[in-house]
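As the structure is a computational prediction, the values presented were derived from the model and not from experiment. In this chain, numbering begins with 1 at the start of the sequence shown. Values below: every heavy atom of this structure, side chains too, minus hydrogens, waters and symmetry copies. Atoms within a ligand are numbered from 1 in the order they appear, just like the ligands themselves.
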Amino acid sequence: MPLTTTTEMFRKAYENGYALGSFNVNNMEIIQGIVQAGQKLNAPLILQVSKSARTYAGHAYLVKLVEAAVETTGLPIALHLDHGPDFETCKSCIDGGFSSVMIDGSHLNYEENVALTRRVVEYAHAHGVTVEGELGQLAGVEDDVRVSAEDASYTKPEQVQDFVGRTGVDSLAIAIGTSHGAFKFKPGTKPQLRFDILEEVGRRLPGFPIVLHGASAVPQEFVAEINRCGGAMDDAIGIPEDMLRRAASMAVCKINIDSDLRLAMTAALRKHLAENPGHFDPRQYLTPARAAIQAMVEHKIERVLGCGGKA
Ligand code: G3H
Ligand code: 13P
Ligand code: ZN
C-alpha cells in the first residue's frame with residue numbers, strides 16, 4: 001500500500017469539521033508511538049519531517065520507517081516535508097518518496113514567496129505530490145531560524161486568494177497567533193488567537209484547507225514532571241486546546257504538533273531514569289517514552305482533532 005497524498009484527507013476533513021494531526025518525526029519510537037495511536041483510534045495521519053530531522057535521522061531511514069508504518073497498519077498516512085526551506089530540499093523529498101511538501105517562503109517578500117512557491121508546485125504536481133505554502137510569519141524557533149514576537153506577522157486575508165490562485169498550492173498555513181516551541185505566550189498574559197482572521201480567510205477561500213503551525217498545548221503536568229526530574233522549563237505556555245478544537249471545526253484541516261510530543265517523551269524518559277537509576281538498556285527507557293507519545297497522540301485525536309474513526 002502506498003503513502004497517501006493529502007488531497008482526499010483534507011476534502012473529508014473540511015466537509016466534516018475535523019483536522020488531521022501532522023506530527024513531527026525523528027526516529028523509530030516516535031513513529032511507532034504515533035502510529036499505534038492512529039491504529040487504536042482508526043485515525044488518518046500525517047507524519048512530517050523537518051530539514052533538521054532529515055539531517056539527524058537520514059532521508060532513507062525516515063522514508064523506510066514510514067513505509068513500514070503504512071505496511072504494518074494499512075492506515076492512510078501522508079509523509080510530509082515540514083518547513084521546506086528551498087526548491088532543492090522540496091525536490092529531493094519529492095524525488096525521494098514523500099507524498100506532500102511544504103515550501104516555507106513566509107520570510108520572503110510577497111512576490112518572492114509567490115515565485116518560489118509556484119516553482120515548487122509545478123514540480124510537485126508533475127510528480128503527484130501536494131504542496132503547502134505559508135503566508136504570514138509565526139514567532140518561535142524552527143530549525144536554525146528564530147523569529148521574535150516583534151518580527152512575527154499575522155496573515156493578511158486580502159492576500160490569500162491571490163496567493164492561492166497564482167501559486168496553485170493545495171493548502172495554506174496562516175499566522176493567527178500560534179508560535180513554534182514551548183514558550184508561546186508571556187507568563188501572566190492571556191493566550192489569544194485571531195479567529196477573525198481565520199474566519200475571513202475561510203470566507204475568501206471556501207472549501208480550501210488551512211494549516212495551523214505552532215499548535216502545541218504544552219500541558220503543564222509534563223512541564224512539572226520534567227522540572228521535578230531535573231529539567232528546567234519554567235514559563236512554558238501553549239495554546240489552549242479548546243481554541244485548537246474550534247479551529248479544527250472551521251477551515252483548519254491540518255494541525256502541526258511537535259513540542260507536545262517532545263514534552264511527553266522527555267517527561268517519560270526523565271521519570272523512568274530518575275526512578276530506575278540502574279537502567280542502561282535503551283529498550284527499558286524507550287518503551288515508556290514511546291508509550292507516552294502514543295498517549296499524547298490519542299489525546300490529540302480525541303480532544304483536539306476529531307479525526308478518530310475517519311481512516
Ligand atoms: O516547526 C518546527 C518543528 O517543530 C521542527 O523542529 O526543526 O527542530 O526539527 P526542528
Ligand atoms: P509546536 O512547536 O507548537 O509543536 O509546532 C510544531 C510545528 O508547527 C511544526 O511545523
Ligand atoms: Zn511549523
Side-chain angles (χ1 to χ4, degrees), residues 6 19-27 30-31 33-34 45-59 61-62 78-86 89-90 93 98 100-107 131-147 149 152-153 155 171-185 191 193 210-220 222-223 233 235-241 243-244 247-248 252-267 292-293 296-297 299-300 303-305:
T6 52
L20 280 299
S22 197
F23 300 102
N24 286 77
V25 301
N26 303 295
N27 65 21
I30 296 174
I31 292 173
I34 298 166
L45 296 167
I46 303 174
L47 302 180
Q48 62 183 10
V49 169
S50 69
K51 179 185 158 201
S52 53
R54 268 179 104 221
T55 306
Y56 170 77
H59 178 98
Y61 279 96
L62 291 169
L79 174 56
H80 174 76
L81 170 65
D82 189 28
H83 294 284
D86 48 42
T89 308
C90 293
C93 289
F98 281 41
S100 173
V101 295
M102 174 188 191
I103 176 68
D104 184 355
S106 61
H107 56 287
V131 180
E132 173 184 326
E134 178 162 345
L135 263 183
Q137 217 179 355
L138 271 66
V141 186
E142 65 199 50
D143 279 330
D144 306 328
V145 183
R146 175 183 289 275
V147 181
S153 56
T155 302
S171 61
L172 181 68
I174 63 168
I176 61 167
T178 61
S179 63
H180 291 108
F183 305 91
K184 298 183 192 296
F185 296 99
L193 296 186
I210 298 302
V211 177
L212 219 51
H213 282 246
S216 280
V218 190
Q220 291 306 297
F222 289 91
V223 175
M233 287 210 56
D235 298 346
I237 300 174
I239 315 288
E241 289 188 332
M243 291 188 187
L244 297 168
V252 171
C253 294
K254 172 174 179 278
I255 293 189
N256 285 12
I257 297 166
D258 187 0
S259 297
D260 280 354
L261 300 185
R262 296 179 181 191
L263 288 168
M265 192 171 199
T266 305
I293 295 270
M296 175 59 81
V297 174
H299 169 83
K300 295 293 176 187
R303 173 76 180 81
V304 173
L305 304 161

Checklist entry - Which bit of N26 is near ligand 1, meaning a heavy atom under 4.0 Å away: side chain, backbone, both or neither? => result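 N26 to ligand 1: no contact under 4.0 Å from either part.
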Checklist entry - Taking heavy atoms and a distance under 4.0 Å, where does K51 meet ligand 1: side chain, backbone, both or neither? => result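 No part of K51 comes within reach of ligand 1.
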What atoms of ligand 2 come within less than 4.0 Å of a heavy atom belonging to [X]?
X	answer
Q48	9 (C), 10 (O)
I257	4 (O)
G181	2 (O)
H213	8 (O), 10 (O)
H83	10 (O)
H180	2 (O), 5 (O), 6 (C), 7 (C), 8 (O), 10 (O)

Next on the checklist: Please give the atom name: the N, O or S atom of H213 nearest to the Zn ion (ligand 3).
Outcome noted: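 Looking only at N, O and S atoms of H213, the one nearest the Zn ion (ligand 3) is named ND1.
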Just heavy atoms, cut-off under 4.0 Å: does [X] contact ligand 2 by side chain, backbone, both, or neither?
X	value
D82	side chain
A182	neither
N24	side chain

Item to check | R262 touching ligand 2 at heavy-atom level, < 4.0 angstrom | outcome: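 Contact absent.
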Next on the checklist: For K184, state whether at least one heavy atom is located under 4.0 Å from any atom of ligand 2.
Outcome noted: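 Yes, K184 has a heavy atom closer than 4.0 Å to ligand 2.
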Checklist entry - Which residue owns the protein heavy atom closest to atom 2 (O) of ligand 2, what's the atom, and how far is it? => result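 Nearest protein contact, heavy atoms only, for atom 2 (O) of ligand 2 is S259 OG, 2.7 Å.
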Next on the checklist: Give me the residue, atom name and distance of the protein heavy atom closest to atom 8 (O) of ligand 2.
Outcome noted: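 Looking only at protein heavy atoms, the one closest to atom 8 (O) of ligand 2 is G214 N, 2.7 Å.
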Which heavy atom of [X] sits nearest a heavy atom of [Y], and at what distance?
X	Y	result
I34	F23	CD1-CB, 3.5 Å
H213	T178	O-OG1, 2.6 Å
A19	A248	CB-CB, 3.7 Å
F185	I237	O-CD1, 3.6 Å
H80	V101	CE1-C, 3.5 Å
A173	M102	CB-CE, 4.4 Å

Checklist entry - So is N24 polar-close to ligand 1, meaning N/O to N/O under 3.5 Å? => result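 No.
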Checklist entry - Would you say D258 has any N or O atom under 3.5 Å from an N or O of ligand 1, going by distance alone? => result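 N/O-N/O distance under 3.5 Å: yes.
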Next on the checklist: As an exercise, identify every atom of ligand 1 less than 4.0 angstrom from a heavy atom of S52.
Outcome noted: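 This gives 7 (O), 8 (O), 9 (O), 10 (P) as the contact atoms.
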Next on the checklist: How long is the straight-line distance from OG of S22 back to CG of N256, given to the nearest 0.5 Å?
Outcome noted: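 N256 CG to S22 OG: 4.5 Å, rounded to 0.5 Å.
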Item to check | Partner of I239 by side-chain contact (heavy atoms from CB on, under 4.5 Å), out of I255, V304, L244 | outcome: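 So, applying the side-chain contact (heavy atoms from CB on, under 4.5 Å) to I239 and each of I255, V304, L244, only L244 qualifies.
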Checklist entry - Hey, is Q48 one of the residues with a heavy atom under 4.0 angstrom from ligand 1? => result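 Q48 does not count as a contact of ligand 1 under the 4.0 Å cut-off.
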